[in-house]
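Okay, structure first, notes after.
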Protein chains: 2
Amino acid sequence: MIETVLNPQKKVPSPTIARLFTYYRALLESRETSYISSEELAKLTGCMAAQIRKDLTYFGEFGTPGKGYKVEELSQRLRSILGIDHDWDVVLIGVGNVGRALLSYQGLKSQGFKVTQLFDSDPKKIGLSCAGLKIKDITSMKEELQNTPVKMAIITAPANSAQEVANMLVEAGIKAILNFAPTRIFTP
Amino acid sequence: MIETVLNPQKKVPSPTIARLFTYYRALLESRETSYISSEELAKLTGCMAAQIRKDLTYFGEFGTPGKGYKVEELSQRLRSILGIDHDWDVVLIGVGNVGRALLSYQGLKSQGFKVTQLFDSDPKKIGLSCAGLKIKDITSMKEELQNTPVKMAIITAPANSAQEVANMLVEAGIKAILNFAPTRIFTP
DNA sequence: AACTGTGAAATTATTCACAGCT
DNA sequence: AGCTGTGAATAATTTCACAGTT
């Protein structure tokens, strides 16, 4: 699961994160165009108005007393908080059959992921291109990721090396791993 | 959302329900064949062992002190608690384009739903057959549902009548409504 | 007047720790 | 010895209620 961390000034309860998606959906469906009050949003979502207000203040104060929340701004803020206002750069490790399938699959893009680098350990593959990207040596991964903002990786390596790869990713500063290897991996 | 109610002896916290799915998935993936302890399941799911034990006791005591939980029994119990051990009988209201699409769509069946009755308000449709079921008059719905165990309905009626249909369903004892009408409806 | 933002109270959920069973 | 089931303790979350802003 992806938990977007934006303003961890105070600790955000995880049920709050889940509700933000609900608020966002309700907002998309609502006919409101200017301001919406916590009370109205409550009616739309089935949540309590006070809870909505509290949830939102974890990320700053953007309501107008007497009027409510500006719909356009609230939408934008929620998109930003939920991390759906931009694509997520990811690296893909293991350019085998599964990896290539994912690269040619449009679903990845439509879910907001953009593959920016490819890694593999097979010397025969290193240097080749796939989907417009050159396959790099996995041993250079930490170095390559040093000055990038990439925080997410997709593992499509064989089961027996997935755990090792996961360790390297954590080492390289990756915060989220989507594991397509047919095994379970453990991270701190 | 569907919350299966089996043994509401004590009130079951809703996070517990969510975790039961996790336990079930972990169990399916695990290689254990005889007994599994709360400790092992904890390692597999990332939950706390004490929490797993507490979660399970809401539905009875089925662990064996000194050994753990019998994998086969635990699986079966979880399936039963989660309501995925049998199909759910549903009725479908509104045999228009959306309704017919759903009826011919295999996804409904693969998700464990079985459509048992069809209703519509259009006199031209009443009496016709669709997917092997006769279309009944919506005004007879309450009566027709009287002696059936159906607790779920799918609404595919036009937006402007969806709310009215929902009211009738609640009246007829339906506990869960899947709304495919292009509108939002409210229920108690 | 209408609404937000927020401490404080109430409620709900998690974790501990241990008695008791196999 | 190893593990479950569970009250009691702790922690997290929700709700109330109201001061303060527009």
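To find a chain, count down the sequence lines: A is the first, B the second, and so on, and within it residues start at 1.
Rounded to an integer number of Å, the gap from CZ of A/F59 to P of C/dG5 is 14 Å. The separation between A/Y35 atom OH and D/dT21 atom P is 18 Å, rounded to whole Å. As a whole-Å value, the separation of B/F62 CZ from D/dC3 C1' is 15 Å. The distance from atom OH of A/Y69 to atom P of C/dA2 is 18 Å, rounded to the nearest whole Å. Straight-line distance from the CD1 atom of A/I52 to the C1' atom of D/dT15: 13 Å, rounded to whole Å. Taking atom CD of A/E39 as the reference point, atom P of C/dA2 lies 12 Å away to the nearest angstrom. The separation between A/L56 atom CG and D/dT14 atom P is 13 Å, rounded to whole Å. Following rounding to the nearest Å, B/K70 (NZ) and D/dC3 (P) show an atom-to-atom distance of 18 Å.
Both B/I17 and B/F62 are members of a single hydrophobic cluster when ILVMFWY side chains are connected at heavy-atom separations under 4.5 Å. Grouping the Ile, Leu, Val, Met, Phe, Trp and Tyr side chains by contacts below 4.5 angstrom, directly or via other members, places B/V98 with B/L108.
Residues from residues 22-31 of chain A lying near DNA chain D, meaning a heavy-atom separation below 4.0 Å, are absent.
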Please encode protein proximity along nucleotides 12-22 of chain C as a string of B, S and -, counting only heavy-atom distances under 4.0 Å.
-SSBBB--BBS
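Residues B/L27 and B/L41 have side chains in contact (heavy-atom distance under 4.5 Å, counting atoms from C-beta outward). The shortest side-chain heavy-atom distance between A/L145 and A/Q117 falls under the 4.5 Å cut-off. Side-chain contact between A/L178 and A/V90 is absent, with no heavy atoms from C-beta onward closer than 4.5 Å. Inter-residue side-chain proximity for A/F59 and A/L20 is flagged as met; some heavy-atom pair is nearer than 4.5 Å.
In this structure, A/T57 does not reach the C/dG5 phosphate: none of its side-chain N or O atoms is under 4.0 Å from OP1 or OP2.
Residues passing the salt bridge (charged side-chain N to carboxylate O under 4.0 Å, His left out) test with B/E72 are B/R79, sequence neighbours excluded.
Between the side chain of B/T156 and the backbone N or O of B/I93 there is at least one donor-acceptor pair closer than 3.5 Å.
Salt bridge B/E73/B/R77: present, at least one basic N to carboxylate O contact under 4.0 Å.
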